[in-house]
Protein chains: 2
Amino acid sequence: MSHSHTLIETLRQRGYRVTPQREMIVEAVAHGRHTTAEEVFERVRERTQAVNIATVYRTLDLLVEEGLASRTDLGGGRVVYATAEHGPHIHLVCLQCGRVIEAETDLLESLVQELEARYGFVCAPQHLGISGLCADCQKAGAHDKTFEEE
Amino acid sequence: MSHSHTLIETLRQRGYRVTPQREMIVEAVAHGRHTTAEEVFERVRERTQAVNIATVYRTLDLLVEEGLASRTDLGGGRVVYATAEHGPHIHLVCLQCGRVIEAETDLLESLVQELEARYGFVCAPQHLGISGLCADCQKAGAHDKTFEEE
DNA sequence: TTCCTTGCAAAGGCTTTGCACACCG
DNA sequence: CGGTGTGCAAAGCCTTTGCAAGGAA
């Protein structure tokens with residue numbers, strides 16, 4: 001609540017207009033940890049019909065452009081948003097059950113350094129998920145070879 | 001050539017029918033290092049009109065299911081394929097110029113181990129690209145803030 | 001009052017699917 | 001021949017866009 005309020009104030013200070021739609025969309029993004037555009041839309045719709053999916057996309061783009069939210073591509077066409085205040089984190093995406101686990105970014109430190117040292121490549125690992133199999137699916141699906149085969 | 005020939009023979013041995021379309025599609029995938037479905041289609045089309053994009057998608061799916069090719073989601077809706085013989089590698093995707101750099105997987109060893117240790121998550125980092133800025137774009141676009149903002 | 005924002009509907013890009021015909025084995 | 005594989009065209013999904021009306025400042 002106060003979290004999304006801060007974001008709204010920031011938008012206002014930067015000269016953007018504060019509309020009920022933007023308030024509700026920002027609140028919906030701030031509510032989840034990693035949320036799809038569709039989920040944002042649905043959450044807002046629970047409150048009112050006065051929001052269009054196009055506005056959701058436009059507002060999410062605005063938040064990302066203004067650095068107030070992050071956009072992460074989890075692969076397979078799944079894109080999730082999170083407010084910047086959540087802080088950077090990695091998304092572990094289970095190929096089997098689709099679950100998303102958040103991991104700390106310290107895991108990536110050595111990788112980030114090596115990529116820069118070897119290739120001069122400065123990366124933003126938060127932009128993409130890492131796919132694999134979660135602990136549960138490994139037990140449950142030891143017989144399923146989908147993963148190993150690829 | 002002999003590379004794609006091997007793949008075709010494998011398909012035959014596994015009971016799949018060998019059609020001219022499959023031969024050409026497999027050759028096109030084997031030709032590149034990371035190729036989109038559209039690129040495969042275009043390469044085949046240079047030889048003959050007798051191929052449909054739907055067949056390209058179906059054949060690529062088949063190759064992936066059979067473990068003969070890998071599918072990597074580079075983010076932003078870009079999906080590339082590579083024959084399994086190329087061996088696993090990481091794709092570094094430049095957010096600015098779109099270039100794709102291939103990196104060695106040894107970079108990921110510690111990350112993979114840590115993810116398993118901390119979360120029991122067994123990952124396939126080859127499935128997803130890592131986005132960031134390549135060396136050239138860092139120099140060229142020091143003024144461009146697109147990257148930092150997200 | 002100004003002109004930024006929104007809703008609506010259509011268009012886009014990529015991928016999948018249903019169906020009848022073609023052709024590999 | 002039998003059944004797999006293909007072409008074609010349509011549909012599906014997700015996202016973007018043009019335009020006129022609405023509303024924040």
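Just so it is clear, the structure is predicted and the values come from calculations on it, not from any experiment. All chains are named by letter (A, B, ...) in the order of the sequence lines, taking the proteins before the strands, and each is independently numbered beginning at 1.
At a threshold of 4.0 Å, the pair B:Arg47-B:Glu27 counts as salt-bridged, since one of the basic side-chain nitrogens sits closer than that to a carboxylate oxygen. No salt bridge links A:Arg43 with A:Glu46; every basic N to acidic carboxylate O contact stays at or beyond 4.0 Å.
The residue among B:Arg78 and A:Thr55 whose nearest nucleotide of DNA chain C lies closer to the 5′ end is A:Thr55.
Judged by distance alone, with hydrogens and angles left aside, the side-chain atoms of A:Arg22 form no donor-acceptor pair with the main-chain N or O of A:Tyr16 at under 3.5 Å.
The interatomic distance linking A:Glu66 (CD) with C:dC4 (P) rounds to 15 Å, in whole Å. Atom CG of A:Leu60 and atom P of C:dT6 are 12 Å apart (whole Å). Rounded to a whole Å, the CG atom of A:Leu62 is 16 Å from the C1' atom of D:dT16. Residue A:Glu65 contributes atom CD, which lies 10 Å from atom P of D:dT16 at whole-angstrom precision. A straight line from CG of B:Leu74 to C1' of C:dC14 spans 15 Å, rounded to a whole angstrom. The distance from atom CZ of B:Arg12 to atom P of D:dG5 is 13 Å, rounded to the nearest whole Å.
Contacts between residues 35-52 of chain A and DNA chain C, defined by a heavy-atom separation under 4.0 Å, are made by A:Ala50, A:Val51, A:Asn52. For the segment residues 16-25 of chain A, residues with any heavy atom less than 4.0 angstrom from an atom of DNA chain C are, sorted by number, A:Tyr16, A:Arg17, A:Thr19, A:Gln21, A:Arg22.
Partners of B:Ala54 by side-chain contact (heavy atoms from CB on, under 4.5 Å), not counting sequence neighbours, listed by chain and number: B:Asn52, B:Arg58.
Side chain of B:Ala54, nearest nucleotide from D:dT6, D:dA9, C:dC8: D:dA9.
Side-chain atoms of A:Arg58 and base atoms of C:dG7 include a donor and an acceptor less than 3.5 Å apart.
Clustering ILVMFWY residues whenever any of their side-chain heavy atoms sit less than 4.5 angstrom apart, transitively, puts B:Leu108 in a cluster other than the one holding B:Val100.
For the side chain to side chain donor-acceptor pair (under 3.5 Å) criterion with B:Glu102, the lone passing option out of B:Arg33, B:His86, B:His91 is B:Arg33.
The shortest heavy-atom contact between A:Gly76 and B:Asp73 is N-OD2, 2.6 Å. Across all non-hydrogen atoms, the minimal contact from B:Phe121 to A:Ile130 is CZ-O, 3.7 Å.
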For this session: Show your working on salt bridge (charged side-chain N to carboxylate O under 4.0 Å, His left out) between A:Glu9 and A:Arg12 and close with a plain yes or no.
Result: CA-CA 5 Å; A:Glu9 279 314 307; A:Arg12 193 195 308 275; 3.3 Å; yes

